[in-house]
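One structure below.
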2 protein chains.
Amino acid sequence: MPPLKQLLRDHHLRHTTARQEVFAALQSAERPLFIHQIVNLCPLSNRTSVYRTLNLFATLGIIETITSGWKSRYELAGPFKPHHHHLHCTACHQLIQLDIPILEETIKSFADSHEYMLTGHHIELTGLCKKCQLSLSQGRD
Amino acid sequence: MPPLKQLLRDHHLRHTTARQEVFAALQSAERPLFIHQIVNLCPLSNRTSVYRTLNLFATLGIIETITSGWKSRYELAGPFKPHHHHLHCTACHQLIQLDIPILEETIKSFADSHEYMLTGHHIELTGLCKKCQLSLSQGRD
DNA sequence: GTTACTGCAAATTGTTTGCAAGGAC
DNA sequence: GTCCTTGCAAACAATTTGCAGTAAC
């Protein structure tokens, strides 16, 4: 049984088309998706259902929310996908994926020593990429 | 000269009432603010200006965006406030402030190696605080 | 004086809700 | 068959834009 179905069953929730479709869209994505992208990737599901599904998934911890600029992006979290972190350029909003094993370990031992039961974590570095550093230092935006 | 004025000058930007007011609102806040809270704290500035200012501040790295639950909150970042990170309890939604010096150093050296001009970083640990671990283990959710 | 910035109002876009119909179990 | 979910449409909320006036330098 696929993990989504199992998880839904555990919570007495139904394994519906919309939930499968949204899950599949997130699973197939290389990068975190904006809501409108998810909507486009889910032609079988109404926009409203996508919202409701994302809301549910967030509550269940299936997805993580990442903020870039004003908008949020969503990606599978925790047990559903090997996670990574991001470098986010605050000017052009490009996302670069990071993998920093040392951070993972440090966080884990920190949580242990403080009696937190960690279910997830998210690290985001924000700054200016090389290109945007240049254009900003040259005057007006 | 206050740091905001200096920074704006460095970017050939003007030190206006709206920018001062939004900055002051963020500075006086104990916790990250939602946009509507910032708007309320800035009676001299139009809602539109608050948006434009936050947008600018985000680009300049003056503020950081953090996601807690479903909505985003904003707080001063980097050089403008001694920063910290959060443990977000997924049960009671309380934000607990954290301080993890080792992570800071690791992150700094990592950014250097990528030619990124880091303006900030944010680490969010999600999990259950001690209290909620107890109450959850004693009954249903 | 020049021109970046602001406020306003309207346009646009994003999100939620109520309710009847449909689908999962 | 029961009741959770969905789709639709409409309400509601958030964000952006154009433009004329204002303020920073």
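Residue numbers start from 1 in every chain, and the chains themselves are labelled A, B, ... in the order their sequence lines are given, proteins ahead of strands.
Under the 3.5 Å distance criterion, the side-chain polar atoms of A/Arg19 are left unmatched by any main-chain donor or acceptor of A/Thr53. Not a single donor-acceptor pair under 3.5 Å links the side chain of A/Ser49 to the backbone N or O of A/Ser45. In this structure a side-chain-to-backbone donor-acceptor pair under 3.5 Å is present from B/Glu21 to B/Leu44.
Nucleic acid contact class of B/Thr48 (heavy atoms, under 4.0 Å, all strands): base. Nucleic acid contact class of A/Leu44 (heavy atoms, under 4.0 Å, all strands): sugar-phosphate only.
Distance CZ (B/Arg47) to P (D/dA14): 7 Å, rounded to an integer number of Å. Separating the CG atom of B/Asn55 from the P atom of D/dA14 is a distance of 17 Å, rounded to the nearest angstrom. Going from atom NE2 of A/His11 over to atom P of D/dC4 covers 16 Å, rounded to whole Å. One can place CG of A/Asn46 at 15 Å from C1' of C/dA20, the figure rounded to the nearest angstrom. Distance CG (A/Leu33) to C1' (C/dG14): 17 Å, rounded to an integer number of Å. Rounded to a whole Å, the NE2 atom of B/His12 is 13 Å from the C1' atom of D/dC25. Remark: C1' of C/dG7 and CD of B/Glu21 are 13 Å apart, rounded to the nearest angstrom. Taking atom CG of A/Leu56 as the reference point, atom P of C/dT16 lies 13 Å away to the nearest angstrom.
Out of D/dG7, D/dT5, D/dA24, the shortest distance to the side chain of A/Arg52 is found at D/dG7. For B/Tyr51, the side-chain atoms get nearest to D/dA14 when compared with the rest of D/dG7, D/dA14, C/dC5. With distances taken from any side-chain atom of B/Arg19 to the nucleotides D/dA24, D/dC8, C/dC5, the minimum falls on C/dC5. In this structure, of C/dT16, C/dT6, D/dT6, it is D/dT6 that holds the atom nearest to the side chain of A/Ser49. Here the side chain of A/Arg14 is nearest to one of C/dC5, D/dT6, D/dT2, namely D/dT2.
Using a 4.5 Å heavy-atom cutoff, the side chains of A/Leu13 and A/Leu60 are in contact.
Nearest heavy-atom pair, A/Leu76 versus A/Gln27, reported as atom, atom and distance to 0.1 Å: CD1-CA, 3.7 Å.
The phosphate of D/dC4 (OP1 or OP2) has no side-chain N or O of A/Thr16 nearer than 4.0 angstrom.
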